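All of these numbers come straight from a predicted model, not from anything done at the bench.
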Amino acid sequence: MDIYRNITELESDCRGLLEWANGMRVLRINQSAVQSQLIDRLIDTAVFTDELDLKRLLNRLIPAIALNLGIIPASLFGLYEAPIQSGPVYNRKTVPAINIRGLTYDVARAVFRAARKNKVGVFIFEIARSEIGYTKQEPAEYAACVLAAAIKESYRGPVFLQGDHYQVSSKKYAVDASAEIGALKNLIERSIEAGFYNIDIDASTLVDLSKPTVAAQQETNARVTAELTGYIRQRQPAGVVISVGGEIGEVGKQNSTPDELRAFMKQYRSFLAPGRPGISKISVQTGTKHGGVVLPDGSLAEVEIDFGVLKTLSQIARQEFGLAGAVQHGASTLPESAFSKFPENETAEIHLATGFQNIIYDSAHFPSSLLKEINKYLLTHHSDERKTTDTEEQFFYKTRKKAFGPFKRLMWEMPRENIEAITGTLEDKFSFLFRQLGVTETVDLVKSFTPAGIVTPPPPTPSCYGDG
């Protein structure tokens, strides 16, 4: 991997092809040269350099290049109001939210290729709080990878970056609530600075089912979600209304009910500052589990989703509270026949992660020697997570997501033909999902409903190349 050693070397290589000014405003760009000669090396350096000043510079420069080319971090807030404003225009569409845990730049390129091929305008790139930790991808790095992929693939238009499951740790909250909320606020601030204009707050971990009434059970969830919504509104840049999500049912637990939704929303609105926009959507539990349910031989058990719950809660969310609808988590490992049922049952958004991870790890093109090294690492560093009833196959399946961070560079340095074969399979999968979820031919729809989100804040003024 050929990365820049320092800012001086970067400036020399860019001279005549790419110039920028104080405030990280691109002054001159040779688009074809940036795509063919520079962007691969720019993103490799942004991800793997140990020079912090160089990393910070590239995490600002790559978004600035994207913005110059018409690739714009945006909010889904306007689109998610469309069911209220426009009735049938938004029907039978479920927005896919794609978590990328590894090979982020190349996997994002596959997403953009599939989107261009199918004329898809509405799709989300997201990363969860937990994933940021074990994949070693800060929001700024993740955003740079996605936007670099858009540059490479000649994509133009809004790009929706989302913080997924910005989840409150119930254990940490019980010990020091202020510190845990402070940590989430810090993450939110870093995310907004990186162009994440869609953020899902998950305080469902604070739901207390031992309390006597549904309202009492949801009270802390509603209060904390409202507090973090208010913080987001204070930090969002001028001209942007960030799309915020809430959650009433922790994924993997019991299915959500209409009473829980109503109890949460009524209390949430009472805690929210007057005149401030609230959440755009609500995540619910319908029978799935993150990563699926793995059997002793390493295969996945079939999971039954209660689509009736999804449809009912989506209708209540829209009709009674003006939201886009319900959000489905933990769905990427479902049978292919299930995906068309989400738009049929009025699901607003669906979150997809582990299925893409499985395509990477299970590919015949993933080097067997690297997989053996990963398994050895998991046995050495994560054996304490293995249940006494787990087979080795179950243990590897449950923990291999935690190898994406430690093995990030080795994965990026796989032979190019291996990466292209793996991402080719992923591209086909993304195209399939786009068709099943009803979001093909949505480029014009996005343009119609996201104009307010096509704004970026002025970035900080660094010491950088150019004197404009």
Between [X] and [Y], is there a donor-acceptor pair closer than 3.5 Å when you use the side chain of the first and the backbone of the second?
X    : Y    : value
H381 : Y377 : yes
S270 : Q267 : yes
S314 : A326 : yes
R129 : G163 : no
T205 : V168 : yes
D164 : I127 : no
T423 : V107 : no
S243 : S75  : no
R223 : F271 : no
T94  : I350 : no

* **CA sep, side-chain torsions, deciding dist, call: Q236, Y197, side chain to side chain contact (heavy atoms under 4.5 Å, CB included)** => CA-CA 8 Å; Q236 65 190 13; Y197 297 154; over 6 Å; no
* To do: Would you mind telling me which of H165, H351, Q357, E131 makes a side chain to side chain donor-acceptor pair (under 3.5 Å) with N99?
  =>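 The passing option is E131.
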Value rounded to 0.5 Å, distance of [atom1] in [X] from [atom2] in [Y]:
X    : Y    : atom1 : atom2 : value
L54  : N59  : CG    : CG    : 9.5 Å
K311 : F307 : NZ    : CZ    : 12.0 Å
I279 : I201 : CD1   : CD1   : 8.5 Å
T49  : D44  : OG1   : CG    : 11.0 Å
R5   : L10  : CZ    : CG    : 12.5 Å
I7   : T45  : CD1   : OG1   : 11.5 Å

Using a strict threshold of under 4.0 Å (side-chain N to carboxylate O), is an ion pair present between [Y] and [X]?
X    : Y    : value
K402 : E385 : yes
D53  : R56  : yes
E141 : K408 : yes
E336 : K429 : yes
R262 : E320 : yes

Which heavy atom of [X] sits nearest to which heavy atom of [Y], and what is that distance?
X    : Y    : value
R233 : P277 : NE-O, 3.0 Å
I374 : A403 : CG2-CB, 3.5 Å
P96  : L352 : CB-CD1, 4.2 Å
A74  : F160 : O-CD2, 3.4 Å
F196 : P139 : CE1-O, 3.4 Å
G355 : T333 : N-CG2, 4.0 Å

* **Candidate list F356, Y397, F404, F396, test ring pair (Phe, Tyr, Trp, His ring centres under 6.0 Å), partner Y361, passing option** => F404
* side chain to side chain contact (heavy atoms under 4.5 Å, CB included) between K93 and V122, worked out -> CA-CA 10 Å; K93 292 176 177 60; V122 56; 5.8 Å; no
* Aromatic rings F112 and Y155: how do their planes relate, parallel, tilted or perpendicular, breaks at 30° and 60°? ->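 Judged by the thresholds at 30° and 60°, the geometry between F112 and Y155 is tilted.
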* To do: Could you label the plane-to-plane angle of the F339 and F342 rings as parallel, tilted or perpendicular, counting under 30° as parallel and over 60° as perpendicular?
  => tilted
Check whether any side-chain heavy atom of [X] sits under 4.5 Å from a side-chain heavy atom of [Y], and report yes or no.
X    : Y    : answer
L228 : Y166 : no
I248 : Q218 : yes
L261 : V284 : no
E373 : L410 : yes
T135 : T104 : no
H329 : E247 : yes
Y80  : N198 : no
K281 : L323 : no

* Asked: Do other residues, nucleotides or ligands put more than 12 heavy atoms under 6.0 Å from the CG atom of N186?
  ->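 Yes.
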Under 3.5 Å side-chain donor-acceptor pair for [X] and [Y]:
X    : Y    : value
Q328 : T286 : yes
Y231 : E189 : yes
T220 : Y173 : no

* To do: Report the C-alpha distance between Q285 and E260 in whole Å, list the side-chain angles of each, state the deciding distance to 0.1 Å, and finish with yes or no for side-chain hydrogen bond (donor to acceptor under 3.5 Å, both in side chains).
  => CA-CA 11 Å; Q285 171 58 8; E260 288 172 337; over 6 Å; no
* **From CA spacing to verdict: side chain to side chain contact (heavy atoms under 4.5 Å, CB included), I282, L313** => CA-CA 9 Å; I282 189 75; L313 295 181; 6.0 Å; no
* **I419 and W412: CA distance, side-chain angles, deciding distance, side chain to side chain contact (heavy atoms under 4.5 Å, CB included) verdict** => CA-CA 8 Å; I419 291 176; W412 280 53; 5.8 Å; no
